[in-house]
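Remember, it's 1-based here, ligands and their atoms both numbered in the order they're listed.
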Amino acid sequence: MDYKKYRVPTKGKINLKDYDPDDSSEFDGKKKDGQDTLLKLNQEIEALQEQMFAEGKRRLIVLVQAMDTAGKDGVIRYVFEGVNPSGVRVAAFKAPSAIELSHDYLWRVHAQTPGKGEIVIFNRSHYEDVLVVRVHNLVPQEVWSRRYEHINNFEKMLVDEGTTILKFFLYIDPKEQAKRFLARVEDPTKQWKFNPGDLEERKYWVEYMQAYEDVLNKTSTDYAPWYVIPSNKKWYRNLLIANILRDTLKGFNMGYPEPPADLEVYHKKLLEMTLSDEV
Ligand code: AMP
Ligand code: MG
């Protein structure tokens, strides 16, 4: 699957209007085929993640940003289906606590970055500090406008020190969001997810899209690029991200760690032990 066109270039300016949230053009097949392909990718990702955990060398951040209902939780659930929970963790960034607010905005983020062998999924991230914070004027413009540069430097430091960063913006349109809110209200298994406050947030759609455009244009770098993921179709969204993740993990060219010395001697001994009751 060719996903180059969803990668935000580091030079020039993109306009979100040039992306189609309904797009599914890079997959040659129907929804069902897409879902079947995802199941195969899940198995590959599972095996690669197991190897990453065993190897204990690389670190990976999978960062997901989006408007409400675009599918942050869905991506976490369906793309990471089957991975070993020992090596994968979700860090969800909510409105900051009093302690978090008493530090700089990157403090809580740095604390959640992966250790060796670990994948950490960022459900929201430091980008909230130039998104919701900007849209609601939680700090003055002169404060948030400096943050793009901090963020680029922060991510550069992480990458220099051996962390890989994938950044996904799940792109839906307002009509699709309305449908999904409606589904939350109508479906008893989804009602718990419905937050009337989200409807207030929706009124700032245009401001959010402006803020996202700035994020994409200012912080897509060669070392930590953004992908705009068309997300009106959930299966396509999951498939794209799974492909990018699989290829990234494959690109690590991992091997399993060296086994202990004298493995053959142990093998012989163990074969004998299976034939005897002695310890
Ligand atoms: P949810 O992900 O639906 O549980 O909601 C988390 C909420 O926390 C969202 O409304 C975010 O906009 C908000 N949030 C996350 N990070 C920040 C931040 N740095 N400052 C203010 N609000 C934030
Ligand atoms: Mg929410």
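Where the criterion is an N or O separation shorter than 3.5 Å, residue side chain and backbone included, E128 meets it with respect to ligand 1.
Of all the atoms in ligand 1, the ones that sit under 4.0 Å from a non-hydrogen atom of V133 are 20 (N). In summary, the atoms of ligand 1 found under 4.0 Å from a heavy atom of R108, numbered by their order in the structure, are 16 (N), 17 (C), 18 (C), 19 (N). Atoms of ligand 1 found under 4.0 Å from any heavy atom of F93, numbered from 1 in the order shown, are 15 (C), 16 (N). Here is the list of ligand 1 atoms found below 4.0 Å of a heavy atom in D129: 19 (N).
Ion pair K203/E200 flagged as a salt bridge, since at least one NZ, NE, NH1 or NH2 atom sits closer than 4.0 Å to an Asp/Glu carboxylate oxygen. Salt-bridge formation is not detected for the pair R180/D173: no Lys NZ or Arg NE/NH1/NH2 atom is positioned less than 4.0 Å from an Asp or Glu carboxylate oxygen. Salt-bridge check for D36 with K32: passed, with a basic side-chain N closer than 4.0 Å to an acidic carboxylate O.
Taking the six-membered ring where tryptophan is involved, the planes of Y127 and W226 are perpendicular, since the angle between them exceeds 60° and thus also 30°. Using cut-offs of 30° and 60° on the angle between ring planes, the pair Y171 and F169 is tilted.
If you look at R124 next to ligand 1, the close heavy atoms, those under 4.0 Å, all belong to the side chain. Of all the heavy atoms of N123, none lies under 4.0 Å from any atom of ligand 1, so neither backbone nor side chain is involved.
The closest side-chain heavy-atom distance from L138 to W144 is not below 4.5 Å.
Summarising the contacts of atom 20 (N) of ligand 1 with S125, P96, A95, the nearest heavy atom is found in P96.
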